[in-house]
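Here's the structure, in structure tokens; my notes come after.
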Amino acid sequence: MHYIARMILQEESIHRVLSQALLAGRLAPGTQLVETRLAAVFGVTRERVRKVLHRLGHERLLDVVPNRGCFVSNPTLAQAREIYDARRIVEGGIVGWLAGRIGVDQIAALRAHAEREHAALHAGDRAQSIRLSGEFHMLLAGFTDSAFVMRELQELVSRTSMLVAFFEPAASSECACEEHDEILMALQQGDAARAVRAMHVHLSLIETRLRPRVGSATVPDAEAEIARAWAAAQNSNAETA
């Protein structure tokens, strides 16, 4: 494999391992991720680690603080109301506009995506469930063919992904899948009022499911957790090679 292609593939693998750990809530909020230490874990240069960390910062999974470093996002429940209010305004408009306009192929794409969500839920893959849930909403935004809508919603979905990772019980993912099915059904029937109502109910229910953590299920040693996840990913790749 060409060197550049191999480098890109490795960076994608590093990004996947880190994002899965973040979305699964396995890294404590506020933990600093140190470039030099992660470079040693992944066996790559500090510059390549920095590139991945800044990408995660752009995706709002990390907080990048100039002259200080990168930290695991530390969202608060106090921020949830403002964020979910914005999502209800934006996404209610999205599904209201799509109802009656959405095509057969787009419905099929949403249905296939919903099946992947259910599969991740049944597999117990928390990080994948959260990622796919966010992608469902981004699919809807993409069907508007508006780069502005996509950009604005990406910001909101990224912020709520970490809220869900830290504050929503894992068992609630099943409810989210069912709520997506209701939105899909309304769109398939071309019922704008029902689609808007279903989206508002869905986002409101996610907000009400957010709860302060009792104790901590996170791993205190972030580097040990990342190293474990990286080793598991490498072993998996070796088995499938």
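In this chain, residues are counted from 1 in sequence order. Predicted, not measured: the structure shown is a model, and the values here were computed from it. All heavy atoms count here, side chains included; hydrogens, waters and symmetry mates do not.
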Besides L205, the hydrophobic cluster formed by Ile, Leu, Val, Met, Phe, Trp and Tyr side chains linked at under 4.5 Å, directly or via other members, contains V201
Looking at residues at least two apart in the chain, or sitting in another chain, which of them share a side chain to side chain donor-acceptor pair (under 3.5 Å) with H54?
none
Can I102 be reached from M185 by stepping across I, L, V, M, F, W or Y side chains whose heavy atoms are under 4.5 Å apart?
no
Take the angle between the ring planes of H113 and F136 and call it parallel below 30°, perpendicular above 60°, tilted in between.
tilted
Can you name the salt bridge (charged side-chain N to carboxylate O under 4.0 Å, His left out) partners of E152, sequence neighbours left out?
none
For E82, all residues meeting side chain to side chain contact (heavy atoms under 4.5 Å, CB included), sequence neighbours excluded:
none
Please check: side-chain N/O of Q79 versus main-chain N/O of L163, any donor-acceptor pairing under 3.5 Å?
no
Option passing side-chain contact (heavy atoms from CB on, under 4.5 Å) with E117 (candidates Q128, E135, H180):
H180
Does any N or O in the side chain of S13 come within less than 3.5 Å of the main-chain N or O of L9, such that one atom is a donor and the other an acceptor?
yes
Taking the side chain from H200 and the backbone from R88, do they hold a donor-acceptor pair closer than 3.5 Å?
yes
Other cluster members, I89 - Ile/Leu/Val/Met/Phe/Trp/Tyr, side-chain contacts below 4.5 Å
none
Expected output: side-chain S129 to main-chain D125 donor-acceptor under 3.5 Å
yes
Where do V164 and R126 come nearest, in terms of heavy atoms and distance?
O-NH2, 2.9 Å
Could you list the residues that satisfy salt bridge (charged side-chain N to carboxylate O under 4.0 Å, His left out) with E223, not counting sequence neighbours?
R37
